[in-house]
Amino acid sequence: MRFGTAELLRDADRPNAWMLSVGGVAQSYVDLDDPTNLEFDYVRRLGDLVDFLPPGPLDALHVGGAGCSLPRYVAATRPGSRQLVFDADEPLINLVREQLELRSVPKLRVRIEDGRAGVRSRHDASADLIVIDAFERATLAGGLATVEFVTDVARVLRPGAAMLANISDGPGLPFARRFLATLAEVFPHVVLLAEPGVLRGRRFGNLVLAASRLELPTAELTRRAASSPYPARVVHGAELRQLQGKAAPVFDAESLPSPTPPEDVLGLF
């Protein structure tokens with residue numbers, strides 16, 4: 001594989017569910033019998049955000065695919081959705097196609113292409129949803145957290161659409177703060193969801209963000225996140241601006257990478 005050796009491990013409790021790891025890092029959990037079973041906490045939060053988008057089929061773009069857990073969820077919960085995944089790791093995608101029934105997902109296409117180039121190729125106002133979840137050995141792929149890229153994402157999104165992103169960070173949340181500043185340069189409405197310990201900077205982990213031109217359903221998200229099997233805090237408005245503080249947005253000239261996690265998290269060894 002482009003970014004390390006891939007492994008598929010069967011879930012002992014579910015006969016048709018699999019964990020996909022690359023280079024020792026857990027990438028995807030795929031339940032072929034129930035694509036709405038989102039095992040990873042951050043994917044569940046992405047799924048919750050998808051649930052609160054306007055009803056009906058979606059035109060969705062995904063930057064980063066691996067096992068395509070979220071595209072499978074969208075296909076199951078939003079029948080008729082048209083989805084395109086950009087992923088640069090062709091051997092990995094071929095493995096997922098052959099072993100995890102990727103071809104059976106309705107109206108899902110996967111293109112072997114860099115995410116920035118893929119988004120650049122799309123027409124203005126052509127997507128209801130763009131999801132950024134592309135990691136290279138547990139680090140967000142370069143160039144996906146800059147003002148220039150987020151501006152291009154906004155160009156492709158329809159007026160009521162949303163950009164979702166999965167990032168990771170550790171104590172002090174230095175990368176998350178700068179990514180918040182980047183999103184705020186482009187979108188008037190931003191929401192962050194994270195496990196309380198991660199949000200307080202006590203441990204390394206995932207943070208999920210949503211950005212839109214229209215106000216996001218923060219009250220509903222807060223209720224869903226609080227009652228989730230993976231409880232999370234929802235941060236928005238003044239509290240989010242306080243978290244961002246004086247952090248500066250990231251531009252292409254800098255292209256700040258996200259931090260690499262300690263070796264005792266995310267399955268690294």
Side-chain angles (χ1 to χ4, degrees), residues 25-27 38 40-49 63-64 70 115 130-151 153-154 162-212 216 218 221-222 224-226 228 230-268:
V25 181
Q27 296 284 332
L38 303 178
F40 291 173
D41 55 357
Y42 76 87
V43 183
R44 179 66 266 171
R45 288 168 195 143
L46 290 168
D48 289 344
L49 287 161
V63 176
L70 192 67
I130 297 181
V131 181
I132 312 301
D133 187 14
F135 281 71
E136 300 170 4
R137 192 165 172 80
T139 300
L140 185 70
L144 299 182
T146 69
V147 169
E148 291 86 349
F149 174 64
V150 174
T151 299
V153 167
M163 169 187 172
L164 309 183
N166 169 45
I167 65 171
S168 58
D169 209 353
L173 303 177
F175 178 77
R177 294 174 195 274
R178 296 204 62 186
F179 190 49
L180 283 171
T182 299
L183 293 176
E185 282 284 305
V186 180
F187 290 102
H189 301 284
V190 181
V191 170
L192 181 151
L193 296 86
E195 190 272 329
V198 174
L199 191 58
R200 296 188 191 103
R202 292 179 179 173
R203 67 176 184 83
F204 198 98
N206 293 86
L207 304 97
V208 168
L209 300 102
S212 177
L216 294 157
T218 52
L221 282 169
T222 298
R224 173 77 67 89
S228 169
Y230 311 103
R233 280 201 58 209
V234 177
V235 184
H236 60 96
E239 187 180 5
L240 194 66
R241 291 189 291 273
Q242 183 178 12
L243 177 64
Q244 176 185 324
K246 296 181 179 179
V250 182
F251 291 89
D252 277 348
E254 180 181 4
S255 194
L256 180 72
S258 64
T260 301
E263 293 190 356
D264 61 347
V265 301
L266 300 182
L268 280 172

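Within the 4.5 Å cutoff, the side chain of V150 has heavy atoms near those of the M163 side chain. Contact check for V198 versus R203: side-chain heavy atoms found under the 4.5 Å cut-off.
Formation of a donor-acceptor pair under 3.5 Å by the R178 side chain with backbone atoms of A248 is found in this model.
Going from atom CZ of R45 over to atom CG of L192 covers 10.0 Å, rounded to the nearest 0.5 Å. For the atom pair CG (L164) and CG (L46), the distance works out to 6.0 Å, reported to the nearest 0.5 Å. Separation of atoms CG (D41) and CG (L193) is listed at 11.0 Å; rounding is to 0.5 Å. Atom CD of Q244 sits about 9.0 Å away from atom CG of L183, to the nearest 0.5 Å. Between the OG atom of S228 and the CG atom of L38 there is a distance of 10.0 Å, given to the nearest 0.5 Å. Atom CZ of F179 is separated from atom CG of D169 by 11.5 Å, given to the nearest 0.5 angstrom.
For A226 against P231, the heavy-atom pair with the smallest separation is O-CB, 4.2 Å. Smallest separation of non-hydrogen atoms from A145 and F175: CB-CZ, 3.8 Å. The two residues V191 and L240 make their nearest non-hydrogen contact at N-CD2, 4.3 Å. When all heavy atoms of E148 and D252 are compared, the closest pair comes out as OE1-N, 2.9 Å. Among all heavy-atom pairs drawn from A210 and L216, the shortest one is O-CD1, 3.7 Å. Across P188 and S212, no two heavy atoms sit closer than the pair CD-O, 3.5 Å.
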Q: Begin from the C-alpha positions of L207 and L173 and carry the test side-chain contact (heavy atoms from CB on, under 4.5 Å) through to its verdict.
A: CA-CA 10 Å; L207 304 97; L173 303 177; 4.2 Å; yes
side-chain contact (heavy atoms from CB on, under 4.5 Å) for V63 and L144? Distances and angles first, verdict last. CA-CA 9 Å; V63 176; L144 299 182; 4.0 Å; yes
Please walk me through it: do L243 and L199 pass side-chain contact (heavy atoms from CB on, under 4.5 Å)?
CA-CA 10 Å; L243 177 64; L199 191 58; 4.1 Å; yes
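Each of T151, V147, V250, T146 was scored for a side chain to side chain contact (heavy atoms under 4.5 Å, CB included) with E185, with one residue passing: V147.
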